[in-house]
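Per chain, numbering begins at 1; letters A, B, ... match sequence-line order. Remember, it's a predicted structure, so these values are computed and weren't measured experimentally.
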2 protein chains.
Amino acid sequence: MARTEAAIEGTYLRGENGRGDKIAGQVGARNSAAARLRLAVPSVAERVADELRLQLAEGQLPPGARLTESTIAEELGVSRNTVREAFAELTSERLVVRHPNRGVFVASLGAEDIHDVYTVRRAIEVSAIRGGGTPEAVAAVRSAVEEGKRAAAADDEEGLGNANQHFHGAIVALADSPRLQAIMSQILAEMRLAFHKASSDAPFYGGYLIANEEICVALESGDLDRAAKLLLAYLDRSEEDQAAIHGA
Amino acid sequence: MARTEAAIEGTYLRGENGRGDKIAGQVGARNSAAARLRLAVPSVAERVADELRLQLAEGQLPPGARLTESTIAEELGVSRNTVREAFAELTSERLVVRHPNRGVFVASLGAEDIHDVYTVRRAIEVSAIRGGGTPEAVAAVRSAVEEGKRAAAADDEEGLGNANQHFHGAIVALADSPRLQAIMSQILAEMRLAFHKASSDAPFYGGYLIANEEICVALESGDLDRAAKLLLAYLDRSEEDQAAIHGA
DNA sequence: TTTTGCCGATTGTTCAACAATCCAGCGATT
DNA sequence: AATCGCTGGATTGTTGAACAATCGGCAAAA
């Protein structure tokens, strides 16, 4: 928790200098191009949520950890009410759970949750791949597969993990559905929450690479039924793997 | 908007008597049994969100309408901050959209949104029915079908609509997945938002009844593939119907 | 040992203030 | 007459401070 303040200090939020009034102007002055581009400056509450999300994804704030409003408000240099709004957002994303009158805690997924998450993934991903998608969307899937191959060749473990996420993101993107994509990214966030330690298993993603290639080929050849079946099998296997390392 | 205050006054929130401090105690004293039963009293923010959700579903607050923080805070006798928290919740449910610095507005679905909603439904419902489900869950589907038949016989239009919703809820319940169920109920809330006027079309649900029966039979007989195909066809047709009355 | 009752800490909620932002209207300019 | 720029009023975004309600733990009592 010590890193917190420094981390945002440099990017967005103020540290400890009274009221944080003019930061939008400062950022705009220092980086006017970016300021002009995204003309919608995220609200402070959103930025707090972003920061917390980041710490959650990185495994700072382990599951079960308690998040005290006043502490976080102080560390991030914002008001307690604002932290509260950020908590509301994170709660709706299931990254954090609220125990009434006791506080919010980092969500921790049990075995049923893992199964449930995969149930959602099966529903979404299989449905998306069954739809086929535009040639460009299919190309994006192929691109993610190649990215994975390169990472494997370079022995880049983290890159492999990212490529795998891109792959599944591209699968969902086949459906061209904002809502499905939103759901998927939430689900992935939940998984990161529970598995960020597991991602350090070296030969872990290795087997997936072949499966991804197979799925991609089936998709490209228009054999959607086969692609769907392969993807389903992949997800089942992945669930087993995750359940194994999680239960242990 | 005039009904607002009275509506909650009688149930949950206070009216206009200074600080709303002791209401929890009052309610508890006046109805101690209930207080002991549901030991988790929903927070004020949640109650505000509930009330707004209700008005949204009932078609009070038409799509596009603006929700001013101060106005609602006054009407419901709560603080602006609390209203704000309720807004955050509704925003995460897509029932309401936030235009930064301009306020929140009742969401209004365009043609793409309708299509998107159905894309999600196809993914979830088809996946759920493909899984089969326990005998009890199947029985629940059957029960919803029968409910629909009774409503049709009694010429109960609203009952027919409810039965239809129960039917699809039961379909999703087949998957026994809290997350899928949550997603589905949000999607249904979105649809209510856009279609509450359309539900007064009399012969509207009529055709669906037969489809539901067919799907249910296929499900009961274990022919999941056929059930899934029928359900998919149903959803496609339903989307067309909705798009028609929406576009017109 | 179990229960009771109290204490400190934290949450839930309110209120009041103020800067930032947007919108509508209005006048000035072309 | 149409456009531009300005200004004022209204609303949002955020803060800080206050206080009751509630929870968990701990010590005293049974």
Side-chain angles (χ1 to χ4, degrees), chain A residues 8 12-29 35 38-49 51 65-91 96-105, chain B residues 8 12-29 35-36 38-49 65-91 96-105:
Chain A
I8 29 176
Y12 267 138
L13 278 53
R14 70 184 162 84
E16 297 243 22
N17 46 3
R19 331 285 266 0
D21 296 0
K22 287 276 167 42
I23 52 162
Q26 288 177 4
V27 171
R38 63 164 152 61
L39 33 147
V41 178
S43 84
V44 176
E46 273 176 78
R47 267 139 46 193
V48 171
E51 172 60 24
R66 178 177 191 172
L67 301 182
T68 309
E69 294 183 354
S70 44
T71 304
I72 295 189
E74 222 178 315
E75 285 178 349
L76 269 55
V78 301
S79 152
R80 198 158 72 88
N81 273 324
T82 303
V83 173
R84 189 160 251 275
E85 255 186 84
F87 280 174
E89 194 169 330
L90 296 178
T91 302
V96 119
V97 291
R98 221 182 186 106
H99 291 222
N101 287 316
R102 300 199 344 95
V104 314
F105 300 79
Chain B
I8 30 178
Y12 267 139
L13 278 51
R14 72 181 163 85
E16 297 244 22
N17 47 3
R19 331 284 266 6
D21 297 2
K22 288 273 168 43
I23 52 162
Q26 288 178 5
V27 171
R36 236 176 293 128
R38 64 163 151 63
L39 32 150
V41 178
S43 85
V44 176
E46 274 175 76
R47 267 138 49 191
V48 171
R66 178 177 191 172
L67 302 182
T68 310
E69 294 182 356
S70 45
T71 304
I72 294 189
E74 223 178 313
E75 284 178 350
L76 269 55
V78 302
S79 150
R80 199 156 73 86
N81 273 325
T82 303
V83 172
R84 190 160 250 276
E85 256 186 82
F87 279 175
E89 194 169 329
L90 297 178
T91 302
V96 119
V97 292
R98 212 174 196 113
H99 292 221
N101 287 315
R102 299 195 350 91
V104 313
F105 300 78

Quiz item: Under 3.5 Å, is there an N or O donor on one side and an acceptor on the other linking the side chain of A:Arg98 and the base of C:dG12?
Solution: no

Quiz item: Is any side-chain N or O of A:Arg84 closer than 4.0 Å to OP1 or OP2 of C:dT11?
Solution: no

Quiz item: Counting just side-chain N and O atoms, does B:Arg102 come under 4.0 Å of either OP1 or OP2 of C:dC23?
Solution: yes

Practice problem: List for me each residue that meets side chain to side chain donor-acceptor pair (under 3.5 Å) alongside A:Arg80, sequence neighbours excluded, and say none if there are none. | Solution: A:Glu69

Self-check item: Pairwise 5' ranking along DNA chain D for B:Glu69 and B:Asn81, keeping only the more 5' one
Solution: B:Glu69

Quiz item: Nearest of D:dT12, C:dT14, D:dT14 to any side-chain atom of A:Ala45?
Solution: D:dT14

Self-check item: Separation of atom CG in B:Leu67 from atom P in D:dG13, rounded to whole Å
Solution: 13 Å

Exercise. Tell me whether the OP1 or OP2 atom of D:dT14 has a side-chain N or O from A:Ser43 closer than 4.0 Å.
Key: yes

Exercise. Would you mind reporting whether A:Glu51 and A:Val48 have side-chain heavy atoms less than 4.5 Å apart?
Key: no

Exercise. For residues B:Ala49 and B:Ala86, report the shortest heavy-atom separation together with the two atoms involved.
Key: N-CB, 3.8 Å

Exercise. To the nearest Å, give me how far apart CD1 (A:Ile72) and P (D:dT14) are.
Key: 17 Å

Self-check item: Value in whole Å for how far the P atom of D:dG25 lies from CZ of A:Arg66
Solution: 10 Å

Quiz item: Within this structure, what is the NE2-to-C1' distance between A:His99 and D:dC23, rounded to whole angstrom?
Solution: 13 Å

Quiz item: Does any N or O donor sit under 3.5 Å from an N or O acceptor when you compare the side chain of A:Arg80 with the base of C:dT10?
Solution: no

Practice problem: Calculate the interatomic distance between A:Phe105 atom CZ and D:dC23 atom C1'; express it in whole Å. | Solution: 10 Å

Quiz item: Do you know which two heavy atoms are closest between B:Val96 and B:Phe87, and how far apart they sit?
Solution: CG1-O, 4.4 Å

Practice problem: Hey, which sits more toward the 5' end of DNA chain C by its nearest nucleotide, A:Ser70 or B:Asn101? | Solution: A:Ser70

